[in-house]
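Scroll down for the structure; my scribbles are underneath it.
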Number of protein chains: 2
Amino acid sequence: MGYVEQGTGRDALFGRLETAETPEELQQLIELLRDHYSVDHIVYHWVNSNGDQYGCGTYPKAWVSRYLERGYLRIDPVVQGCYQRFHPVDWKRLDWSGKAARNFQRDAVEHGIGNQGYSIPIRGPNGQFAMFSLSSNCSDEDWDTFTEEHRRDLILVAHYFNQKALELEPGRKPEPSQALSPREVEALTLLGVGYSRAQAAETLSISEHTLRVYIESARFKLGAMNTTHAVARALSRGLIVI
Amino acid sequence: MGYVEQGTGRDALFGRLETAETPEELQQLIELLRDHYSVDHIVYHWVNSNGDQYGCGTYPKAWVSRYLERGYLRIDPVVQGCYQRFHPVDWKRLDWSGKAARNFQRDAVEHGIGNQGYSIPIRGPNGQFAMFSLSSNCSDEDWDTFTEEHRRDLILVAHYFNQKALELEPGRKPEPSQALSPREVEALTLLGVGYSRAQAAETLSISEHTLRVYIESARFKLGAMNTTHAVARALSRGLIVI
DNA sequence: TTTCCACTCCCCAAAAATAGCGGGGGATCC
DNA sequence: GGATCCCCCGCTATTTTTGGGGAGTGGAAA
C-alpha cells in the first residue's frame, strides 16, 4: 500500500492539503478533489459584506462575477442557511420559497452549478466565516448516498482549507497587544456584560474611581479611544470572554 | 469486518456519536473515547462567562468546581489560546509565562489533569464557542506522536460533540438573537472601532439623533444595558466584526 | 536597593450617553 | 389595505462617563 505524496488518492490529497504552502497549491488541490469525488464543482470562500475576501474553487468565472455583481450573497439561501447552522447543509433542505431565492436558483442552474449541493459552514477567530461547498448534477438518491459516504472526509477537508487560508492570507497579523492585568481584565469583562461603572466597582469591591483607573489603563494598553472601543478590542483579541 | 453498533472501536464510537440522542449518552461516549484513546481525560464544554453552560467530560468534580469558583476561565491559557486560533493547540505551545498561568498549571497538575494536553476550538452560530480537550500524563514525544496520529479523528469527534450539544441543549432557543438592521450593524460597528456617536453619525451622513435611535434599537434587540454592552454582545454573537 | 508596576483612593469640569416626547416616507408581507 | 419594519429628523432634560490633575501602598524585578 504505497503512500504516494503526489498521488490523487484520498490520503495523498489529505496529506498535500495539510502541507500546502501557497494559494495556487490550494487551487490545484481543489480541482484534484473535484475529480477525486467526481462532482461538478467545489468551492471554498470567505463570507463577509466586504466581498473582496479570499476564495478558490472551480466555479465558472462568469458565475462568480455575476454572483458578486448582483449581490447574490444577500439572498443566497445557502449562505443564509449555513450562517445559522453548525452542521453541513444539503441545499435541497433549505428554504427556496422566496421569489428572489427561486430566481437565484434558476440563474445558478443556468450557469452550470448543478441541481444538488452540500455546504459546510466554517467559523474562525474574530468572526471569520467561510463556506466549503460541493455541487453536482444528479438525482436526490445519488446525492444523499454521496454525502452520507463522504460526510466525515468533507468536514475535514473544509477544516483544512480554512486552516490553510487563515495561514496564507495576509492581513491577519496577530496584532501584538500588551497583556492586561487581572484587574483590568475583570473590569473590562464586567463592562462587557453590561455592568455600569458603579455596578462593576461594587462587584469588585473597589471604588468607582479605582475602577476608572483600570479602564483608563486598559484603554491605553489597547490603544482604544473610549471604553466601548477598549471592550470591543479586548473581545476581538480574545483577552476577555463574555 | 463486523460493524458493531454497540462496540468500542473507532468506527463504532463514531457511529454512536452521530446518532446519540441524550446528554447521558454523550457522557458515556466521552468516557468510552477516553478509554479508546488511552488518555487520562477528555472534556467538551462551552465557553462563556455565564459559566452555567453545557459541558461533559471526565475531569474530577473537584477540579471542575474549583475551576468555576476561582474563575480560572479568565486566566486559563488554553482558553485564551483556543479563542484566538482556528487550529487545534497543543498545551505545551501556549504561553504559560504569567504568574497566574503558572499557578493555574500547578493547580491543574495537582488535580490530576496531566502534564500534556490538546484542545480543539469549535465555533457555532451566534458566537457560540466551545472546546474539546484531551489531556494525559506522558512525555512530549509520546504526546506528539499521539496527537499527530489522531489529529483528524479528534477534529471530527470535536465537531460531532458540538453538533450534538447544539441539538440537545434547549438553552439555545430563547435567544433567537434577533437580526440587526444594516444600519444598526453599521452603527455598532463604528462604535466598536472607537468612533464617538458624533463621529459615527458624520461617517454615516445622518444626524446624531438618528444614529442614537439605531443604537437604542440595537440595544433593545440585543437585550443590552448600554452601548458598550450592545457592542460586546453584537461582537460575541458574530453580528458585527471589527 | 531602588525602580518599576499593579493596586487603591480622591476632586472637578466637560463631554457623552441615556430617556422621553414628537414627526414623516418607503418597502414588504399578509 | 393595513400592519410592520426600516429609514430619517426635531426637541429637552437628566444621568453617566470621561479626561485632566494628584497621592499613597505593596510586591516583584533589575
Side-chain angles (χ1 to χ4, degrees), chain A residues 49 71 74-75 80 95 97-103 178-234 239, chain B residues 74-75 97-103 176-234 239:
Chain A
S49 53
R74 306 212 176 282
I75 58 170
Q80 313 283 330
D95 176 22
S97 62
K99 207 173 68 173
R102 279 199 306 275
N103 285 336
Q178 216 176 340
L180 300 176
S181 79
R183 256 346 203 185
E184 287 160 353
V185 170
E186 288 180 298
L188 288 186
T189 302
L190 289 176
L191 294 182
V193 299
Y195 284 39
S196 73
R197 277 205 317 204
Q199 288 175 308
E202 196 187 356
T203 304
L204 296 177
S205 303
I206 57 177
S207 81
E208 191 178 331
H209 298 282
T210 304
L211 184 89
R212 220 183 62 191
V213 176
Y214 294 141
I215 299 169
E216 275 174 37
S217 166
R219 218 174 43 220
F220 178 75
K221 287 180 181 174
L222 295 167
M225 307 293 296
N226 51 44
T227 303
T228 299
H229 193 197
V231 172
R233 284 206 156 177
L239 300 173
Chain B
R74 310 210 177 289
I75 57 170
S97 63
K99 203 177 69 171
R102 279 199 306 274
N103 285 335
S177 202
Q178 206 176 350
L180 299 176
S181 80
R183 269 323 216 194
E184 288 161 354
V185 171
E186 288 180 298
L188 288 186
T189 303
L190 289 175
L191 295 181
V193 297
Y195 284 39
S196 72
R197 281 206 311 207
Q199 288 174 309
E202 195 188 355
T203 303
L204 296 178
S205 304
I206 57 178
S207 79
E208 189 177 335
H209 175 268
T210 303
L211 184 91
R212 221 179 62 194
V213 174
Y214 293 144
I215 299 169
E216 276 173 37
S217 165
R219 217 173 49 217
F220 179 75
K221 288 181 181 173
L222 295 167
M225 308 293 297
N226 52 44
T227 302
T228 299
H229 193 198
V231 171
R233 284 206 156 176
L239 300 173

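In this text, all values refer to a predicted model and were calculated from it rather than measured experimentally. Chain letters run A, B, ... following the sequence lines, proteins first and then strands; every chain starts at 1.
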Open item on the list: From C-beta outward on T210(A), which listed nucleotide comes closest to its side chain: dT18(C), dC9(C), dC7(C)?
Closed with: dC9(C)
- [ ] When you get a sec, tell me which of dC9(D), dT17(D), dC7(D) is the closest nucleotide to the side chain of S181(B)?
- [x] dC7(D)
Open item on the list: Contact between E216(B) and R212(B) at the side-chain level, heavy atoms closer than 4.5 Å - yes or no?
Closed with: yes
- [ ] Starting at atom OH of Y214(B), determine the distance to atom C1' of dC6(D), rounded to an integer number of angstrom.
- [x] 7 Å
Open item on the list: Among residues 223-231 of chain B, which ones have heavy-atom contacts with DNA chain C below 4.0 Å?
Closed with: N226(B), T227(B)
- [ ] Examine dG10(D): is either OP1 or OP2 under 4.0 Å from a nitrogen or oxygen in the side chain of S207(B)? Give yes or no.
- [x] yes
Task: Spacing between R183(B) atom CZ and dG26(C) atom P, to the nearest angstrom - done: 17 Å
- [ ] Please state how far atom CD in Q199(A) lies from atom P in dT15(D), giving the value in whole angstrom units.
- [x] 16 Å
TODO: Measure from the side chain of K221(A), starting at C-beta and using heavy atoms only, and say which of dC8(D), dA6(C), dT12(D) lies closest.
DONE: dA6(C)
Open item on the list: What I'd like to find out is whether the side chain of R183(A) reaches to under 4.5 Å of the side chain of I206(A), using heavy atoms alone.
Closed with: yes
Task: Heavy-atom side-chain contact between L222(B) and L188(B) under 4.5 Å - done: yes
Task: Nucleotide nearest R197(B) when distance is taken to its side chain, options dC7(D), dA17(C), dC9(C) - done: dA17(C)
- [ ] Check whether any side-chain heavy atom of K221(A) sits under 4.5 Å from a side-chain heavy atom of L180(A), and report yes or no.
- [x] yes
TODO: Tell me which nucleotide among dC8(D), dT18(C), dG20(C) gets nearest to the side chain of R219(B).
DONE: dT18(C)
- [ ] Measure from CD on E216(A) to P on dT17(D) and round the result to the nearest Å.
- [x] 13 Å
Task: Whole-Å gap separating C1' (dA17(C)) and OH (Y195(A)) - done: 21 Å
TODO: Using atom CG of L211(B) as one end and atom C1' of dG10(D) as the other, report the distance to the nearest whole Å.
DONE: 16 Å
Task: Per R212(A) side chain, nearest of listed nucleotides dC9(C), dA19(C), dC11(C) - done: dC11(C)
Open item on the list: Mind checking if S217(B) touches a base, just sugar-phosphate, or nothing, with heavy atoms under 4.0 Å?
Closed with: nothing
TODO: Among the candidates dT17(D), dC7(D), dA19(C), find the nucleotide nearest to the side-chain atoms of E208(A).
DONE: dT17(D)
